[in-house]
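Here's the structure, in structure tokens; my notes come after.
Chain letters run A, B, ... following the sequence lines, proteins first, then strands; residues in each count from 1.
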2 protein chains.
Amino acid sequence: MALPSGLLGALDPTSDRAVFRQIADHLRESIDKGRFREGDKLPSETELVEHYGVSRMTVRNALSILQGEGLAVSEHGRGVFVRPRPPVRRLASDRFARRHRDEGKSAFTVEAEAAGVHSEVDSLEVKEEKPSQDVAARLGSPRKVLARRRRYLIDGRPVEFGTSYLPLDIARGTQIAEPNPGPGGIYARLEEQGHRLDHFDEEIRARMPSPHEVRTLHLASGVPVIHLIRTAYDTEGRAVEVCDTIMAADAFVLAYQLPAT
Amino acid sequence: MALPSGLLGALDPTSDRAVFRQIADHLRESIDKGRFREGDKLPSETELVEHYGVSRMTVRNALSILQGEGLAVSEHGRGVFVRPRPPVRRLASDRFARRHRDEGKSAFTVEAEAAGVHSEVDSLEVKEEKPSQDVAARLGSPRKVLARRRRYLIDGRPVEFGTSYLPLDIARGTQIAEPNPGPGGIYARLEEQGHRLDHFDEEIRARMPSPHEVRTLHLASGVPVIHLIRTAYDTEGRAVEVCDTIMAADAFVLAYQLPAT
DNA sequence: CAGTGGTCTAGACCACTTG
DNA sequence: AAGTGGTCTAGACCACTGA
């Protein structure tokens with residue numbers, strides 16, 4: 001099972017660069033140049049050991065670099081593969097526009113429909129609880145809040161999960177406190193109750209996932225998460241909802257439109 | 001140099017969880033609970049080897065998990081440390097508001113001033129070139145563009161770099177083609193030339209950095225980048241600039257305001 | 001100088017996938 | 001059963017840091 005010569009270069013013994021980095025460089029270059037394409041199997045560890053004449057740990061070290069960069073994923077018993085880039089969903093900044101709510105659509109399904117993909121909500125949980133310090137500060141320090149937790153899947157793949165927090169005096173006893181908030185989602189219900197929405201603030205961060213986030217979103221190594229915190233304000237300037245969301249970064253591109261004024 | 005007993009637990013030999021993962025779990029828990037704080041030195045590899053009675057590679061494997069999660073950074077010859085979280089700059093969605101330009105400020109300095117930090121621009125390069133396919137598509141397929149490359153530093157730390165692209169028929173022969181575009185930045189110059197700005201589109205992605213990005217931004221392992229592509233439109237609907245920016249994700253939080261209409 | 005992490009070797013046994 | 005990656009050992013030598 002010799003590797004085709006020329007597919008990967010030879011090591012440069014005069015280089016200061018560590019051997020495992022040189023091997024990683026060769027593989028990365030081959031991926032970048034399209035000699036390996038998405039989903040292709042990279043040479044096995046055994047093949048690389050033979051090709052370069054190094055120990056297995058050195059080869060594994062090289063492969064782990066590529067995984068950390070998000071370029072490769074390993075599958076136990078199968079091989080190491082060029083990481084397939086899943087289709088990316090575009091979240092437009094008009095996703096909460098009133099016209100969508102008026103049509104009875106929630107923000108998530110609006111986007112999913114536009115892309116023609118199958119979306120599901122899963123592990124839905126609604127309960128009353130004490131807000132965290134951060135959520136309390138954003139909502140004007142309510143003693144308790146209604147928390148709506150859920151996870152979203154696109155074509156069967158979990159891509160985001162998060163929690164909506166609403167002050168209890170707004171949410172208690174309404175359809176917002178039901179698992180299914182009805183057509184148009186909770187924003188439609190808020191407006192029906194007289195909380196006419198004025199604007200949303202969104203804060204965006206990116207970082208590597210916690211182990212819990214890796215499990216919940218089935219994240220490959222080398223895939224960050226986007227942490228989005230949205231606060232909804234009514235026309236009286238009151239914060240009526242905070243939504244804290246973790247998204248698989250390889251599944252989304254966020255799009256915003258800013259006025260130049 | 002024995003480790004204080006109780007600081008880190010003991011291995012569970014009955015657990016299915018790999019030893020190096022258990023060790024990583026112990027360290028992560030200690031960091032989360034504040035037993036190690038930002039900048040603190042973690043136990044040395046030697047100490048961990050003795051404490052757990054495992055080989056050094058097992059301990060290194062555990063530590064590399066924490067580095068991949070962005071929780072720890074190693075420093076050759078010094079130790080492994082809990083990663084310090086640098087101060088985060090907030091980029092507000094009004095950073096391109098006309099009132100800032102009218103005051104002679106560019107978007108970057110507006111934000112830096114607000115935060116009271118020292119900002120610099122470096123490795124500035126201005127040249128004419130053929131646009132990439134993506135940039136060309138966004139700008140309406142100009143044959144050539146003016147490219148303005150630069151890197152920004154905050155308090156001496158490189159935090160973002162990127163390139164502005166402008167159609168050559170707009171930029172050539174103007175101050176936009178000079179290294180220093182003058183007060184208010186290139187957007188002020190565009191408006192002076194009759195390209196009154198209407199709005200900006202921003203696209204946001206997050207991913208792990210390429211080796212080049214790691215070098216340019218001096219990124220620690222486990223720190224993703226935010227990839228932001230902004231397109232500026234004038235009141236006639238023409239795209240007059242595309243700005244492609246890579247940001248160290250641990251240095252920024254992006255803030256947007258969305259109308260509810 | 002002693003202590004630290006960085007690189008590398010040459011094995012071993014295991015768990016998983018595929019034919 | 002053969003091939004793959006996952007885990008782990010017990011060494012070795014090196015480069016960097018700091019007292």
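- Look at CD on Glu45(A): it is 15 Å from C1' on dT9(C), rounded to the nearest Å.
- With DNA chain C read from its 5' end, the first of the two nearest nucleotides for Val54(A) and Val80(B) is the one closest to Val80(B).
- Of all the heavy atoms in Phe81(B) and Gly39(B), the pair that sits closest is CD2-O, 3.4 Å.
- For the atom pair CG (Leu228(B)) and CD (Glu203(B)), the distance works out to 9.0 Å, reported to the nearest 0.5 Å.
- Taking 4.0 angstrom as the limit, Ser55(A) places none of its side-chain polar atoms (N or O) nearer than this to OP1 or OP2 of dG11(C).
- In this entry the distance linking NZ of Lys41(A) with P of dT17(C) reads 15 Å, nearest Å.
- At a non-hydrogen distance threshold of 4.0 Å, Met57(A), Arg60(A) from residues 57-64 of chain A come into contact with DNA chain D.
- Distance CZ (Arg56(B)) to P (dG3(C)): 14 Å, rounded to an integer number of Å.
- Listed by residue number, the members of residues 13-29 of chain A with any heavy atom below 4.0 angstrom from DNA chain D form an empty set.
- As a whole-Å value, the separation of Leu48(B) CG from dC8(D) C1' is 16 Å.
- Atom NE2 of His76(B) and atom P of dG3(C) are 16 Å apart (whole Å).
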One pair to check against salt bridge (Lys or Arg N to Asp or Glu O under 4.0 Å): Arg151(A) and Glu120(A). What are the steps and the verdict? CA-CA 8 Å; Arg151(A) 185 171 72 159; Glu120(A) 302 167 69; over 6 Å; no
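- The aromatic rings of Phe161(A) and His212(A) sit perpendicular to each other, their planes meeting at more than 60°, with 30° as the lower class boundary.
- Distances were taken from every side-chain heavy atom of Ser44(B) (C-beta onward) to each of dT4(C), dA12(D), dC13(C); the shortest belongs to dT4(C).
- A side-chain donor-acceptor contact under 3.5 Å links Asp155(B) to the backbone of His118(B).
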Contacts table for residues 52-59 of chain A: side-chain donor-acceptor under 3.5 angstrom, sequence neighbours left out:
from	atom 1	to	atom 2	distance (Å)
Tyr52(A)	OH	His26(A)	ND1	2.7
Ser55(A)	OG	Thr58(A)	OG1	3.4
Arg56(A)	NE	Glu45(A)	OE1	2.7
Arg56(A)	NH2	Glu45(A)	OE1	3.0

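- Exactly one of Leu153(A), Ile246(A), Val223(A) qualifies for a side chain to side chain contact (heavy atoms under 4.5 Å, CB included) with Leu217(A). That residue is Ile246(A).
- Relative to the side chain of Arg78(A), the nucleotides dC8(D), dG6(D), dT18(C) differ in distance, and dT18(C) lies closest.
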Would Ile204(A) and Val253(B) satisfy side chain to side chain contact (heavy atoms under 4.5 Å, CB included), going step by step from the backbone distance to the final call? CA-CA 6 Å; Ile204(A) 300 169; Val253(B) 48; 5.8 Å; no
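- Ser74(A) has no side-chain polar atom (N or O) that falls below the 4.0 Å cut-off from OP1 or OP2 of dT4(D).
- Summarising the local packing, NZ of Lys41(A) is surrounded by more than 12 heavy atoms from other residues, nucleotides or ligands at distances under 6.0 Å.
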